[in-house]
Amino acid sequence: MAQKPSIPKGTRDFNAVEVAKRSYIMNIIKEQFELYGFQPIETPSFENSDTLMGKYGDEGDRLIFKILNSGDYFEKFKGVVSDLSQTVSGDLSSFYNLETSFVTKHISEKALRYDLTVPFARYVVQHQNEIEFPFKRYQIQPVWRADRPQKGRFREFYQCDADVVGSKSLFQEVEFVQLYDAVFTALDLKGVTIKINNRKILSGIAEVIGAQDKLIDFTVALDKLDKIGEEKVKEEMRSKGISEDGISKLQPLFSLQGEFGMQVESLKSILNTSEVGIKGIEELEFIDASISKLGLKTAKLQLDVTLARGLNYYTGAIFEVAAPEGVKMGSIGGGGRYDDLTSIFGKPDTSGVGISFGLDRIYLVLEELNLFPETIADATKVLFINFGDKEAMACLQAVTKLRQHGVKAELYPDSAKMKKQMTHANRRNIPYVVLVGEEELNSGTYTLKNMKSGEQSKLKFEELLSSLQ
RNA sequence: GUGGUUGUAGCUCAGUUGGUUAGAGCGCUGGUUUGUGGUACCAGAUGUCGUGGGUUCGAGUCCCAUCUUCCACCCCA
């Protein structure tokens, strides 16, 4: 027992105050989700590896927590190897030539949930006959990533997702922008930026510069523009084999600035030969026009052509939410349109679109900006001081009655020194204490003390109740 | 996964070129006050210097490993 206990890297314990603050955020998100017509579902913490692997790209696969098979997985694995190579069972030398992925596949068949979107796609396919489409669901559950922790980056964290499947309507995208705005407004987090882009535009650009086959490399490089600058981006594109001619066609992109409309115009000039690119522009224009008509409360919608989220399943709109200016935090939300996600699980032609809120990062942002309401922890309202068994019994009767009337009341369990009991009330921020000693016991009264003002008065039970309600 | 950074009392941090018994503030405990907390005064205790090895007569200080924290990549909420 000499060793200090600890928790794994990138995980956290939450105390009562933290839990209260977290559920404050969660409840607001939930409320808005339901207001927009989404219904909750839950999926298991872990899935079959096949369900998750290969859905997030190579980098994603690396970050998936694999669960080691239970039982004697090693003995079974040796069996697989010896069947395969006909080598003598127990000859370890053959192990060294094996691919990691091969080994992993045989010793691990389950993995922890990496996000909520892929399990949701699995859910939709598996329950397609019970689901009424378009299907709007929300899901608030933890996900796990074997990432290296940093500020706002954990190995276990919560995502809050809302998705619609079974509708290609762009009104869904419009509503999701409104939903983002509604949640952040309800949280009193003003000035968030909802960045929007469209995968079709990125495909169109790649097409125009003759790099269709390098779409991912191209977008990953472009995504870094505001971070590493124009020259470094070009350098990276060159190193990925994008032609000099193509890069020069991108030139207008690097100086893209200003209002939505102006950006769209310059995009049109680049993309006029690309059918898919034009389609992307039309989609963007529709969303922007609709939002302009409907209005946003506190967030702003901004076109960002360099926005290229790594997930390879987005096909249309791409969203990412940035914290208000001055807060150093990665994105606090993201999402987009995916036309093809469920086809991986055998259900083609089902378009989906969804967004996600990063609970833990929103928490950090609210904390930094001091935006949590003060009354968030709804704790005990009155503590009865314990003077001894006889008095305590009388107190407990009063406590019981108060509780029946919905007053959060408790009795200090031990007849400790008064100072200790008062200090206890103080530290727990309990606003009232009640003193019942011999005198009160005889007169059937209660001395109620306001811990903030120091005032106190002797009351009958009915008076006590009404002043605590 | 790559490179760097951090760890000393409950908390925030000092601690010299390696040298006797490791310090401060806040907090904590007790008392001034046996029916009154938060304010005041007095007194007291803080500790495996992250962990494990090594160098040295001697290590909080130097070296190695490991864990943790934060940062930059990568990627992402």
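Just so we're on the same page: letters track the sequence lines, and every chain starts at 1. Below, all heavy atoms of this structure are taken into account, side chains as well, without hydrogens, waters or symmetry copies. Everything numeric in this text was worked out from a predicted model, so none of it was measured.
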Rounded interatomic separation in angstrom, taking [atom1] from [X] and [atom2] from [N]:
| X | N | atom1 | atom2 | result |
| --- | --- | --- | --- | --- |
| A:Asp58 | B:C76 | CG | C1' | 16 Å |
| A:Trp144 | B:C75 | CH2 | P | 25 Å |
| A:Asp13 | B:U68 | CG | C1' | 15 Å |
| A:Arg12 | B:A77 | CZ | P | 16 Å |
| A:Asp147 | B:A72 | CG | P | 13 Å |
| A:Lys195 | B:C76 | NZ | P | 13 Å |
| A:Leu116 | B:A77 | CG | C1' | 10 Å |
| A:Lys9 | B:G7 | NZ | P | 18 Å |

Write down the distance separating the [atom1] atoms in [N] and [M], rounded off to the nearest Å.
| N | M | atom1 | result |
| --- | --- | --- | --- |
| B:G50 | B:G60 | C1' | 12 Å |
| B:C63 | B:C76 | C1' | 37 Å |
| B:C74 | B:G18 | C1' | 41 Å |
| B:U39 | B:U33 | C1' | 15 Å |
| B:U55 | B:U16 | P | 24 Å |
| B:U61 | B:A22 | C1' | 12 Å |
| B:U21 | B:U66 | P | 33 Å |
| B:A59 | B:G54 | P | 12 Å |

(message) Quick one: does any side-chain atom of A:Asn27 pair with a main-chain N or O of A:Ser23 as donor and acceptor, under 3.5 Å?
(response) yes
(request) Measure up the A:Tyr114 and A:Tyr56 rings against each other and bin them: parallel (under 30°), tilted (30 to 60°), perpendicular (over 60°). (result) tilted
(request) Identify whether the distance between the nearest side-chain nitrogen and carboxylate oxygen of A:Glu230 and A:Lys234 falls below 4.0 Å. (result)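 So A:Glu230 pairs with A:Lys234 through a salt bridge.
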(request) For RNA chain B, produce a single dot-bracket line, 5' to 3'. Pairs: Watson-Crick or G-U wobble, both distances under 3.5 Å. Symbols: ( ) within strand, [ ] crossing, | other strand, . unpaired. (result) ((((..(..((((.....[...)))).(((((.......))))).....(((((..]....))))))..))))....
Validation: residues 35-45 of chain A side-chain donor-acceptor distances under 3.5 Å, sequence neighbours left out:
residue	atom	partner	partner atom	Å
A:Tyr36	OH	A:Gln178	O	3.4
A:Thr43	OG1	A:Gln139	NE2	2.9

(request) Quick one: label A:Gly10 by what it contacts on the DNA or RNA (base, sugar-phosphate, nothing), any heavy atom closer than 4.0 Å. (result)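 Sugar-phosphate contact only.
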(message) Under the rule for salt bridge (Lys or Arg N to Asp or Glu O under 4.0 Å), what residues qualify as partners of A:Glu391, not counting sequence neighbours?
(response)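 If we apply the salt bridge (Lys or Arg N to Asp or Glu O under 4.0 Å) test to A:Glu391, skipping adjacent residues, there are no hits.
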N/O donor to acceptor pairs below 3.5 angstrom from side-chain atoms of residues 413-422 of chain A, sequence neighbours left out:
residue	atom	partner	partner atom	Å
A:Gln421	OE1	A:Asn386	N	2.7
A:Gln421	NE2	A:Asn386	O	2.8
A:Gln421	NE2	A:Ala416	O	2.7

(message) Would you say A:Arg427 places a side-chain N or O within less than 4.0 Å of OP1 or OP2 belonging to B:G27?
(response) no
(request) For A:Gly333 and for A:Ala146, find the nucleotide of RNA chain B with the closest heavy atom, then tell me which residue's nucleotide is more 5'. (result) A:Ala146
(message) Return whichever of A:Lys224 or A:Arg62 has its heavy-atom-nearest nucleotide of RNA chain B closer to the 5' end.
(response) A:Arg62
(message) Protein within reach of the bases, or only the backbone? For nucleotides 32-43 of chain B, mark each nucleotide 5' to 3' as B, S or -, using heavy atoms under 4.0 Å.
(response) ---BBBB-----
(message) Could you check whether atom CG of A:Asp389 has more than 12 heavy atoms from other residues, nucleotides or ligands sitting under 6.0 Å from it?
(response)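 Result for CG/A:Asp389: open.
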(message) I need the A:Glu236 CD to A:Glu231 CD distance, nearest 0.5 Å.
(response) 13.5 Å
(request) Could you identify which residues of residues 148-165 of chain A place a heavy atom less than 4.0 Å from some atom of RNA chain B, listed by residue number, or say none? (result)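 RNA chain B contact set from residues 148-165 of chain A: A:Arg148, A:Gln150, A:Lys151, A:Gly152, A:Arg153, A:Phe154, A:Phe157, A:Gln159.
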(request) Take A:Leu402 and A:Lys381, measure what side-chain contact (heavy atoms from CB on, under 4.5 Å) needs, and give me the verdict at the end. (result) CA-CA 11 Å; A:Leu402 285 175; A:Lys381 192 157 192 190; over 6 Å; no
(message) Using a distance-only criterion (donor-acceptor N/O pair, under 3.5 Å, no hydrogens), is the base of B:C76 paired with the side chain of A:Arg361?
(response)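 Yes, a donor-acceptor pair under 3.5 Å.
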(message) Using every non-hydrogen atom in the two residues, find where A:Ile29 and A:Val183 come nearest and quote the distance to one decimal.
(response) CG1-CG1, 3.8 Å
(request) Would you please say whether a donor-acceptor pair under 3.5 Å links the side chains of A:Glu410 and A:Thr380? (result) yes
(message) Quick check on side chain to side chain contact (heavy atoms under 4.5 Å, CB included): which of A:Gln456, A:Glu455, A:Met451, A:Lys449 does A:Ser453 satisfy it with?
(response)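 Option passing the side chain to side chain contact (heavy atoms under 4.5 Å, CB included) with A:Ser453: A:Glu455.
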(message) Test side-chain hydrogen bond (donor to acceptor under 3.5 Å, both in side chains) on A:Tyr446 and A:Glu463; report intermediate values, then the result.
(response) CA-CA 9 Å; A:Tyr446 302 84; A:Glu463 298 168 315; over 6 Å; no
